[in-house]
Amino acid sequence: MFLLEPDAPVVISPTDLRVAGACEFALLRRFDVVLDRGAPLTTEDDPVLARTKALGDAHEQRYLRRLRAERRVVGVDRPRERSRAAYEQAADATLLALASDADVVYQAAFFDGRLHGFADFVVREPSGWTIVDTKLARTESVPALLQIAAYAVQLRDAGVPTTSHARLVLGDGQERDHQLADIVPVYRERRLRMERVLDAHQACGSAVVWGDERLLACGRCEECQAQLEATRDVLLVAGVRTSSRTKLATVGVHTVEDLATRVEPVPDLSAASLGRLREQARLQSGQDADPSHTVTAEVHDP
């Protein structure tokens with residue numbers, strides 16, 4: 001995501017839809033970086049992710065070579081600068097390519113003023129144009145389906161004749177079509193919620209706060225993990241689920257140390273479960289305070 005003008009709505013992409021679907025807190029942490037309200041999370045390079053990206057690029061290139069051997073393929077250049085005019089020019093170039101005698105448009109650019117992206121392929125079929133994206137995965141994912149739905153909607157809004165489906169080319173070579181009637185409504189709903197969350201945050205003027213009950217937080221991503229550790233959140237305790245965390249929060253148990261010393265009952269949490277979680281919290285609290293971080297264990301039932 002990025003801003004084309006300081007006070008304009010943020011420009012989003014299908015990647016942001018994926019992040020929002022998994023964790024709205026992480027989405028707003030990244031937005032805060034764009035708004036200069038916070039610093040980006042420092043992470044180490046992940047060789048597995050780098051390898052996965054390389055394999056994904058190779059998968060796309062194999063499919064491109066196959067299409068070029070069979071049909072006329074026209075490519076679209078990506079914007080050379082981050083400006084509204086550049087993104088609109090790339091989208092216009094895509095429409096021109098679709099109006100030509102091309103059979104396939106490669107790296108088709110899309111921009112509706114708010115959402116931008118690049119489809120791997122737009123393929124001409126007898127009943128219209130079909131969005132086709134290559135994905136290294138063996139099965140379809142919701143983010144992948146939302147992505148192809150987003151591009152198909154922009155084609156239709158531009159008056160381009162489209163087929164009733166979009167296609168994913170999976171890592172094992174399978175080509176799977178998905179009906180737009182099934183996935184477009186989900187895309188519209190997800191996008192609307194994300195835009196509302198982003199616009200409200202942009203207008204509030206302050207950085208996102210951990211624990212904001214209006215947001216969905218996964219508790220597992222890097223952004224959430226950093227906050228869990230910084231606040232000693234009770235979710236750090238092995239065995240504590242989000243449902244248990246909610247019950248504990250109602251009685252003021254928010255941190256690992258709060259749970260480690262909790263002896264009073266917690267509504268809707270059995271005494272056995274509370275006792276098990278309390279003992280786990282006590283062990284972890286002691287281990288975290290130990291400079292050597294020695295792992296300890298206790299046997300309750302030999």
Side-chain angles (χ1 to χ4, degrees), residues 1-43 79 82-88 91 110-118 141-154 156-157 183-231 233-235 241-243 245-250 252 254:
M1 69 182 77
F2 53 85
L3 296 173
L4 291 175
E5 295 92 21
D7 297 324
V10 63
V11 177
I12 56 178
S13 71
T15 298
D16 299 317
L17 277 173
R18 175 183 58 78
V19 175
C23 184
E24 291 175 346
F25 175 78
L27 177 77
L28 293 190
R29 276 284 295 121
R30 299 182 185 190
F31 192 22
D32 279 337
V33 176
V34 174
L35 296 171
D36 290 327
R37 297 178 186 172
L41 187 66
T42 301
T43 58
R82 185 169 286 179
S83 69
R84 186 172 299 276
Y87 280 94
E88 289 175 346
F110 294 92
F111 181 60
D112 63 4
R114 189 72 195 265
L115 184 142
H116 83 97
F118 306 92
S141 66
V142 172
L145 296 175
L146 295 180
Q147 182 176 10
I148 57 179
Y151 300 150
V153 166
Q154 290 203 30
R156 289 181 169 181
D157 289 347
I183 59 179
V184 165
V186 180
Y187 155 73
R188 293 190 186 280
E189 180 182 351
R190 293 283 186 93
R191 177 175 173 176
L192 180 60
R193 175 175 172 84
M194 182 179 72
E195 289 180 349
R196 286 175 175 171
V197 169
L198 290 170
D199 292 344
H201 186 64
Q202 187 171 3
C204 80
S206 58
V208 64
V209 177
W210 175 249
D212 189 334
E213 295 182 353
R214 297 170 298 176
L215 302 174
L216 300 175
C218 69
R220 298 181 300 275
C221 68
E222 292 179 337
E223 296 285 0
C224 284
Q225 193 64 33
Q227 293 300 315
L228 292 176
E229 295 172 358
T231 61
D233 195 288
V234 72
L235 270 179
R241 301 179 179 179
T242 53
S243 57
R245 178 178 182 265
T246 301
K247 296 171 185 177
L248 292 167
T250 61
H254 300 288

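Computed from a predicted model, the values in this text were never measured in an experiment.
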Undergrad: Where do Ala226 and Leu41 come nearest, in terms of heavy atoms and distance?
TA: CB-CD1, 3.9 Å
Undergrad: When you compare the side chain of Glu24 with that of His201, does any pair of heavy atoms fall below 4.5 Å?
TA: no
Undergrad: Might you point out which heavy atoms bring Cys221 and Cys218 nearest each other, and give the distance in Å?
TA: N-SG, 3.2 Å
Undergrad: What distance separates Met1 CE from Leu27 CG, expressed to the nearest 0.5 Å?
TA: 4.0 Å
Undergrad: Between CD of Gln147 and OG of Ser141, what distance do you get to the nearest 0.5 Å?
TA: 9.0 Å
Undergrad: Which heavy atom in Gly117 sits nearest to a heavy atom in Pro14, and how many Å separate them?
TA: CA-CD, 4.5 Å
Undergrad: Looking at Glu5 and Arg84, does any basic side-chain N land under 4.0 Å from a carboxylate oxygen?
TA: yes
Undergrad: At their closest point, which heavy atom of Phe111 faces which heavy atom of Gln154, and how far apart are they?
TA: N-OE1, 3.1 Å
Undergrad: Any side-chain heavy atom of Leu28 within less than 4.5 Å of one from Leu215?
TA: yes
Undergrad: CZ of Arg191 to CZ of Arg114: how many Å apart, nearest 0.5 Å?
TA: 7.5 Å
Undergrad: Minimum heavy-atom separation for Leu145 to Ile183, with atom names?
TA: O-CD1, 3.8 Å
Undergrad: With sequence neighbours left out, write down each residue that passes side chain to side chain donor-acceptor pair (under 3.5 Å) with Glu223, or none if nothing qualifies.
TA: Arg29
Undergrad: With rounding to the nearest 0.5 angstrom, report the OH to CG distance, Tyr187 to Leu17.
TA: 6.5 Å
Undergrad: For the residue pair Val11 and Arg82, establish whether any side-chain heavy-atom pair is separated by less than 4.5 Å.
TA: no
Undergrad: Under a 3.5 Å distance rule, please check whether Tyr151 uses its side chain to pair with a backbone N or O of Phe118 as donor and acceptor.
TA: yes
Undergrad: Checking Arg214 side chain against Asp212 main chain: does a donor-acceptor pair fall under 3.5 Å?
TA: no
Undergrad: Is there a side-chain contact between Val234 and Leu228, using heavy atoms and a 4.5 Å cut-off?
TA: no
Undergrad: Are Arg245 and Asp233 ion-paired here, with the side-chain N under 4.0 Å from a carboxylate O?
TA: yes
Undergrad: Testing the basics here: between Leu3 and Ala8, what is the closest heavy-atom pair and its distance to 0.1 Å?
TA: CD2-O, 3.5 Å
Undergrad: How far does OG of Ser13 sit from CG of Leu115, to the nearest 0.5 angstrom?
TA: 7.0 Å
Undergrad: Passes side-chain contact (heavy atoms from CB on, under 4.5 Å), Ile12 versus Leu198? Steps please.
TA: CA-CA 10 Å; Ile12 56 178; Leu198 290 170; 3.6 Å; yes
Undergrad: Please report the interatomic distance CZ(Arg18) to CE(Met194), rounded to the nearest 0.5 Å.
TA: 11.5 Å
